[in-house]
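See structure below.
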Protein chains: 2
Amino acid sequence: MEGRGIATRAGNGDDIALGILDDLAGYHLRRASSVFANDFARALAGTGMRQVLFGILSIIAANPRINQGNVGRALGIQRANMVSLVNELVDRDLVLREVAADDRRAFSLTLTPAGRKIVAQCVKLIEAHEARLLADLSAKERTALIAMLSRIEAKEA
Amino acid sequence: MEGRGIATRAGNGDDIALGILDDLAGYHLRRASSVFANDFARALAGTGMRQVLFGILSIIAANPRINQGNVGRALGIQRANMVSLVNELVDRDLVLREVAADDRRAFSLTLTPAGRKIVAQCVKLIEAHEARLLADLSAKERTALIAMLSRIEAKEA
DNA sequence: TATTGTTATACTCTATAACTATA
DNA sequence: TATAGTTATAGAGTATAACAATA
């Protein structure tokens, strides 16, 4: 079965058969996701932003005064790992961290003006980056792609 | 614009707006890919296999006597990082590493009988794992998904 | 000179367990 | 007792630079 023998691009012009990998959605998700991650890093190099950090800022932008734990839950980031990520954003004055009014254990997170500014800046760069990588897909296909990915996400254990 | 305000599953039943993230293919690729990676680990826990290692075995299966550098190039793995990965596979007697006949700098990699056996074993588990995660997609959709992901992979820098 | 594999190193991401302070 | 955040730590994955052997 690995003998389908269809040689595919190795990403560098060589022709190396992938074997069964070539039929696995998991493999292609991994590679496509990595292409996006690399291009994201390149596109946003000037801003010092990473995918995770932008994700956190986006959630906070859409949910002012959200608490830290809920941001992590929305993004699948462990409590323990949120700490240094939020520290980074607070240290860079992009996020305001306050003790939550209703629960003194929790932190309420809000974007600072600088945070809102960098998000707007990133959104422009990210839109160009997405347009570049999705150039070979029609509008309908992009919508269908995101819809299928969402259905896969829903399978999360 | 982050104010679309459409609350989406946070993966845990909560309802937290994702903001602009929800419209980004890059974000959904990241999450869907992570769902696949986690489920892969769970499904293959017994075998001691990981996504990268299985990828390497699959390439070697499809290209007996392929050299180490080409395996890395096909999978986007740096030369330097291939070393310990191949060591693992050789130590577990899944891969035979020989000095290449035509180029004494290079190593030629081939599956051992144990390697072929574990690949066959993993393929069964992986097919069940893929069927589970893609259960909500029709056969046509699965084909379309992989085709779109391949077009994205081709954008690799 | 260029390439194959190697070593050393560092950074990010992720995962777990144990702690504190509140609830 | 349970939860929010923290600390410490460890394992993967990934990236770069410098080296030896061979081409």
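Note on naming: letters A, B, ... go to the chains in the order of the sequence lines (proteins, then strands), and numbering restarts at 1 for each one. Atom set for the values below is all heavy atoms of this structure, side chains included, hydrogens, waters and symmetry mates excluded.
Which of dT6(D), dT14(C), dA23(D) sits closest to the side chain of R105(B) comes down to dA23(D). Side chain of N81(B), nearest nucleotide from dT7(C), dT14(D), dA17(C): dT14(D).
Protein atom CG of L85(B) is 14 Å distant from nucleotide atom P of dT7(C), rounded to whole Å. The CG atom of D103(B) sits 19 Å away from the P atom of dA20(D) (whole-angstrom rounding). With rounding to whole Å, F40(B) atom CZ is found 14 Å from dA12(D) atom C1'. Rounded to a whole Å, the CZ atom of R31(B) is 13 Å from the C1' atom of dT14(C). Taking atom CZ on F107(A) and atom P on dA21(C), their separation rounds to 13 Å, with Å as the unit. The interatomic distance linking R79(A) (CZ) with dT7(D) (C1') rounds to 12 Å, in whole Å. For the pair E156(B) CD and dT14(D) P, the computed distance is 12 Å after rounding to whole Å. As a whole-Å value, the separation of L109(B) CG from dG5(C) C1' is 11 Å.
Side-chain N/O atoms of R50(B) include none lying less than 4.0 angstrom from OP1 or OP2 on dG11(D). Between dA15(C) and N38(B), a contact under 4.0 Å exists linking OP1 or OP2 to a side-chain N or O. Between dA23(C) and R104(A), a contact under 4.0 Å exists linking OP1 or OP2 to a side-chain N or O. For the OP1/OP2 pair of dA4(D) and a distance below 4.0 Å, the side-chain nitrogens and oxygens of R73(A) include at least one atom meeting the criterion. Checking the phosphate oxygens (OP1, OP2) of dT6(C), a side-chain nitrogen or oxygen of Q68(B) falls inside 4.0 Å. Between N67(B) and the phosphate of dG5(C), there is a side-chain N or O to OP1/OP2 separation shorter than 4.0 Å. Side-chain nitrogen and oxygen atoms of Q78(B) include none within less than 4.0 Å of the OP1 or OP2 phosphate oxygen of dT14(D).
Look at D39(B) and R132(B) and you find a salt bridge, because one of the NZ, NE, NH1 or NH2 atoms lies within 4.0 Å of a carboxylate O, short of that distance. Checked for salt-bridge contact, R142(B) and E130(B) miss the test: no charged N lies under 4.0 Å from a carboxylate O.
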Evaluate Q68(A) against V83(A) for side-chain contact (heavy atoms from CB on, under 4.5 Å), listing each step before the verdict. CA-CA 9 Å; Q68(A) 191 168 311; V83(A) 180; 4.3 Å; yes
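Counting heavy atoms of neighbouring residues, nucleotides and ligands inside a 6.0 Å radius, atom CZ of R65(B) does not exceed 12 of them.
Comparing R97(A) and I77(B), the nucleotide of DNA chain D nearest to each residue sits closer to the 5' end for R97(A). Of the two residues contacting DNA chain D, namely S84(A) and S34(A), the nearest-nucleotide position lying further toward the 5' end is that of S84(A).
Side-chain atoms of S150(A) never come within 3.5 Å of backbone atoms of H28(B) as a donor-acceptor pair (strictly under, hydrogens ignored).
Contacts of A100(B) with the nucleic acid, taken as non-hydrogen atoms under 4.0 Å apart, are absent.
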